[in-house]
Colleague: 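First the structure, which I've put down as structure tokens, then a few questions once you've had a look.
Throughout, residue positions are numbered sequentially from 1 according to the sequence presented.
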Amino acid sequence: MAFPEATSGFEEEGNEAVPYHPSAPASELFDDSTTTIDPSYIISLIRKLLLNVPHNVRDSRPDDGAGARCNGFVEGSEMVNGQECTPAVPNSNVQTCTDNESEPMDIPNDENEKSCENKGGEMDSSERREILTEEEAWEEYGCVLWDLAANKTHAVFMVENLLLDVLLASLAISQSVRVIEINLGILANLACHEAPRSSIISTNGQIYVIVDKLFVDDSTCLSEVCRFLTLALRHSGSVTWAEALRNERVLLRILWVAENTLNSQLLEKSVGLLLAMVDNQHGVTVFLLPPLMELGLPNRLINLLEFEVKSLYSDRTPDRFPALDVILEVIEVLSVGEYSTPLAQNRELLRLVVDVVKLPDKAEVSNSCITAIVLFANFLADKPDLISDVLQDVPFLQGLLDTLPHVSDDSEARHALWSVVGKLLLEVHEHVIPPSLLLQYVSVFIEKSDCIEEDLIDHREEDLGEEYKKSEGFDIKQKARISSLNKIAMILQYWSSVSHSIPEADVPKNDHPDDGVLKHLIEYFLNKGGDRLDEQQGNFLDLCLVSDCKSVPSR
């Protein structure tokens, strides 16, 4: 799984701003060997950041009710489809943000004052021009530092020259969401590097000032603080941050943001923060997972998953794919721990997981489909009788086989897929199911035979190699695959033997597959299965009796 990386504070002029600035490819980040940034330039930027703090620290822009963002300002805490016009990137070596439609979080404003009012009345034009100039200048310096902080050498130099103190002071007093966003963006980029990350922890008061920004009602600020905290929980010193986050009020706020944001980027970042809390190698989970479970984390995740699945089936918007991925990843982590049984018993969750597997156009949602298959396999380990729920769901079987090309690089996910296919086909009794259902199975096997063949060819050396044979769970993985192939051959052969005697009323002759194709596939699957039909029963019993090992695919 890819962790959050450094981002840029600049956006293209005249275009809509995105609420989160995506990470640049490695090729676009700073290269220590080629950059020629003068250290004195960085020092001057830090000084300007300190000396040019806007006099009026509150947002000083008119409230037009539409959430417009222009000239470096962000409309207050009630932003809907906000837009922002910010300076273009002056340096081609730094990362730019991509253009995207912003759909920020609809949060009620807790502050009653309007940003264009100054208690006693409206500002005069000269005051307003001065404030605009101050904040525009501050934003320009801050965005340059945001970009430069992506580089390790620059980041360390900034910290050595007291940038953390400047940022802490600014965060402590500023109520301009654009200023807060830039401060958090710089901090998040600094947190990508070990030494600055340690310095942030040791800076007195910094931890709680940052955590407190979870209560800012602006999607861009929330995205950056979630990105920062995710990074902090993924590295050394994470326990310190976990202790600051374990407060119930803080946890409820994170859950509330995830459940209520309309912004897909913020949803991805907030649920990504939850993932860092429950799937951690630095002792964080023991602090944060129990209270999150007490606050209803599983049900909240199921509600989020339901909304995303419905959205994908009604309006397939690519910017929602990452959010679906990370929601499923959190549920997957829970499915291999002590809380797995309640998840496996939740019929609504099972239905949603099946719906994800059945999503068309797998290339767009392959990560989500893979995670959903692993989830289903893990559920079967806890509750084997769940397979009966999908026994007649042929589109589910088709969805499994459609995903085969996308698990080629993940052996655990591939095993999980073949395991589910094997257990499903084990329950298909071709002699007793209706002819129409039998034909559906046959049609899927014929249609997806190319996918199966490609999978077997691509993994020929892996499946037969000595190193693979010595790997953990080799027998289980081999039997799941071989039993599946043999069962496919059995179903095809049974159809071939009875199809001519099936009444026209049950299955029209025009729907029958070609006999020559059937014969070829039967021979192929029998050959790949490596067993004769009279040996099948033993293989299937072996499949039922093997240990159910839960899978966690590599990311």
Colleague: Can you list every pair that meets side-chain hydrogen bond (donor to acceptor under 3.5 Å, both in side chains) and has a residue in residues 352-366, with sequence neighbours left out?
Modeller: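 Qualifying pairs, neighbours excluded: R316-E364, R351-D355, K358-D393.
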
Colleague: If we ignore hydrogens and angles and just use 3.5 Å, is the side chain of H193 paired with the main-chain N or O of A149 as donor and acceptor?
Modeller: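 Yes, because the side chain of H193 sits within donor-acceptor range (under 3.5 Å) of the backbone of A149.
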
Colleague: Kindly indicate, with the supporting measurements, whether the criterion side chain to side chain contact (heavy atoms under 4.5 Å, CB included) is fulfilled by M277 and L233.
Modeller: CA-CA 7 Å; M277 292 176 172; L233 292 175; 3.8 Å; yes

Colleague: Can you list the steps and then say if D218 with T220 is a side-chain hydrogen bond (donor to acceptor under 3.5 Å, both in side chains)?
Modeller: CA-CA 6 Å; D218 178 80; T220 56; 2.2 Å; yes

Colleague: Less than 4.5 Å apart, side chain to side chain, heavy atoms only: is that true for V250 and R253?
Modeller: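 With C-beta onward as the side chain, the pair stays apart.
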
Colleague: To the nearest 0.5 angstrom, please state how far the CG atom of L266 sits from the OG1 atom of T261.
Modeller: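 Between L266 CG and T261 OG1, I get 4.0 Å after rounding to 0.5 Å.
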
Colleague: Quick check for you: to the nearest 0.5 Å, what is the distance between S170 atom OG and I182 atom CD1?
Modeller: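 Going from the OG atom of S170 to the CD1 atom of I182 covers 9.0 Å.
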
Colleague: Quick one: are I370 and L417 in side-chain contact, heavy atoms under 4.5 Å?
Modeller: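 No - every pair of side-chain heavy atoms lies 4.5 Å or more apart.
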
Colleague: Looking at E224 and R227, is there a salt bridge between them, counting it only when a charged N and a carboxylate O are closer than 4.0 Å?
Modeller: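 Yes.
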
Colleague: To the nearest 0.5 Å, how far apart are CZ in F287 and CD in E243?
Modeller: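 Rounded to the nearest 0.5 Å, the CZ-CD separation comes to 5.0 Å.
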
Colleague: Under 3.5 Å, side chain of T371 to main-chain N/O of N367, donor-acceptor pair present?
Modeller: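 Side chain of T371 to backbone of N367, a donor-acceptor pair under 3.5 Å: yes, one is there.
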
Colleague: Could you tell me whether the side chain of D212 and the main chain of Y208 form a donor-acceptor pair under 3.5 Å?
Modeller: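 Not confirmed, D212 side chain does not pair with Y208 backbone.
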
Colleague: How far apart are the closest heavy atoms of T230 and A276, and which atoms are they?
Modeller: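 Looks like CG2-CB, 4.0 Å.
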
Colleague: Using every non-hydrogen atom in the two residues, find where R300 and L295 come nearest and quote the distance to one decimal.
Modeller: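 Here R300 and L295 meet closest at NE-O, 2.7 Å.
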
Colleague: Where is the tightest heavy-atom contact between L343 and S335, given as atom of each residue plus distance?
Modeller: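 Minimum heavy-atom contact is CD1-N, 3.9 Å.
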
Colleague: Kindly indicate whether the side chain of P298, heavy atoms from C-beta on, has any atom under 4.5 Å from the side chain of P342.
Modeller: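 A side-chain contact under 4.5 Å is absent here.
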
Colleague: Please walk me through it: do K310 and E306 pass salt bridge (Lys or Arg N to Asp or Glu O under 4.0 Å)?
Modeller: CA-CA 6 Å; K310 285 182 178 178; E306 181 179 22; 3.4 Å; yes

Colleague: Counting distance only, does the side-chain N/O of H235 pair as donor-acceptor with the main-chain N or O of L231 below 3.5 Å?
Modeller: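 Checking the backbone N and O of L231 against the side chain of H235, a donor-acceptor pair under 3.5 Å is found.
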
Colleague: For a quick test of reading the model, state the closest non-hydrogen atom pair linking A242 to V284 and the distance between them.
Modeller: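 Taking every non-hydrogen atom into account, CB-CG1, 3.9 Å.
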
Colleague: Would you say the side-chain atoms of D325 pair up with the backbone N or O of S368, donor to acceptor, closer than 3.5 Å?
Modeller: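 Such a contact is found between D325 side chain and S368 backbone.
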
Colleague: Evaluate whether atom CD of Q392 has more than 12 neighbouring non-hydrogen atoms of other residues, nucleotides or ligands under 6.0 angstrom away.
Modeller: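 Result for CD/Q392: open.
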
Colleague: Salt bridge (Lys or Arg N to Asp or Glu O under 4.0 Å) between R197 and E194: does it pass, once the steps are laid out?
Modeller: CA-CA 5 Å; R197 192 166 53 243; E194 183 176 358; 5.1 Å; no

Colleague: So D382 and S340, side chain to side chain contact (heavy atoms under 4.5 Å, CB included) or not? Walk me through it.
Modeller: CA-CA 8 Å; D382 284 320; S340 61; 3.0 Å; yes

Colleague: Is the number of heavy atoms from other residues, nucleotides or ligands under 6.0 Å of N204 CG greater than 12?
Modeller: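 No, the 6.0 Å shell around CG holds no more than 12 heavy atoms from other groups.
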
Colleague: Does the side chain of V356 come within less than 4.5 Å of I373's, by heavy atoms?
Modeller: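 Result no, sub-4.5 Å side-chain heavy-atom pair not found.
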
Colleague: Stepwise, does the salt bridge (Lys or Arg N to Asp or Glu O under 4.0 Å) test hold for D455 with R414?
Modeller: CA-CA 9 Å; D455 176 76; R414 179 174 178 252; 3.0 Å; yes

Colleague: Can you tell me if S408 and D458 form a side-chain donor-acceptor pair at under 3.5 Å?
Modeller: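 D458 and S408 do not have a side-chain donor-acceptor pair below 3.5 Å.
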
Colleague: Check step by step if side chain to side chain contact (heavy atoms under 4.5 Å, CB included) holds for V177 and D217.
Modeller: CA-CA 9 Å; V177 291; D217 289 340; over 6 Å; no

Colleague: Between K213 (side chain only) and L171 (backbone N and O only), is there a donor and an acceptor less than 3.5 Å apart?
Modeller: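 Yes.
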
Colleague: Could you please spell out the steps behind the side chain to side chain contact (heavy atoms under 4.5 Å, CB included) verdict for V354 and V390?
Modeller: CA-CA 8 Å; V354 169; V390 294; 3.8 Å; yes

Colleague: Check whether the side chains of T317 and D319 place a donor and an acceptor atom closer than 3.5 Å, and report yes or no.
Modeller: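 The criterion, which ignores hydrogens and geometry beyond distance, is not satisfied for D319 and T317.
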
Colleague: Search all heavy atoms of I207 against all heavy atoms of A244 and return the closest pair with its distance.
Modeller: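 Heavy atoms only, the tightest pair is CG2-CB, 3.7 Å.
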
Colleague: With side chains defined as the heavy atoms from C-beta onward, is the minimum distance between L404 and I452 less than 4.5 Å?
Modeller: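 In short, these two side chains touch, coming nearer than 4.5 Å.
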
Colleague: Are L148 and M158 close enough that some pair of their side-chain heavy atoms sits under 4.5 Å apart?
Modeller: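 Result yes, sub-4.5 Å side-chain heavy-atom pair found.
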
Colleague: Between atom CD1 of I254 and atom NZ of K269, what is the distance when rounded to the nearest 0.5 Å?
Modeller: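 Separation between the atoms: 15.0 Å.
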
Colleague: Using 30° and 60° as the class boundaries, would you call the ring planes of W241 and F228 parallel, tilted or perpendicular?
Modeller: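 The rings of W241 and F228 stand perpendicular, inter-plane angle above 60°.
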
Colleague: Taking atom OG of S219 and atom CG of L267, what is their separation to the nearest 0.5 Å?
Modeller: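 So the OG of S219 and the CG of L267 are separated by 12.0 Å.
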
Colleague: Using a 3.5 Å distance criterion without hydrogens, assess whether the side chain of S484 forms a donor-acceptor pair with backbone atoms of G422.
Modeller: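 Yes, because the side chain of S484 sits within donor-acceptor range (under 3.5 Å) of the backbone of G422.
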
Colleague: Below 4.5 Å, heavy atoms only, C-beta onward: do L400 and F376 meet side chain to side chain?
Modeller: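 Not touching, per the 4.5 Å side-chain cut-off.
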
Colleague: What is the distance from atom CG of D450 to atom CG of L401, rounded to the nearest 0.5 Å?
Modeller: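 If I round to the nearest 0.5 Å, the distance is 12.0 Å.
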
Colleague: Begin with the C-alpha distance, continue with both residues' side-chain angles, and end with the deciding distance and a verdict on ring pair (Phe, Tyr, Trp, His ring centres under 6.0 Å) for F215 and W256.
Modeller: CA-CA 11 Å; F215 295 89; W256 187 88; over 10 Å; no

Colleague: On a heavy-atom basis, which atom in P196 and which in L190 lie closest, and how many Å separate them?
Modeller: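 The pair with the smallest heavy-atom distance is CB-O, 3.4 Å.
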
Colleague: S314 side chain to S311 main-chain N or O, any donor-acceptor pair under 3.5 Å?
Modeller: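 Yes: the side chain of S314 pairs with the backbone of S311.
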
Colleague: Please evaluate residues K383 and D385 with respect to the criterion salt bridge (Lys or Arg N to Asp or Glu O under 4.0 Å), reporting the C-alpha separation (whole Å), side-chain torsions for both, the decisive distance (0.1 Å), and the verdict.
Modeller: CA-CA 6 Å; K383 204 169 185 297; D385 61 335; 3.2 Å; yes

Colleague: Are the side chains of V257 and L214 in contact, using a 4.5 Å heavy-atom criterion?
Modeller: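 A side-chain contact under 4.5 Å is absent here.
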
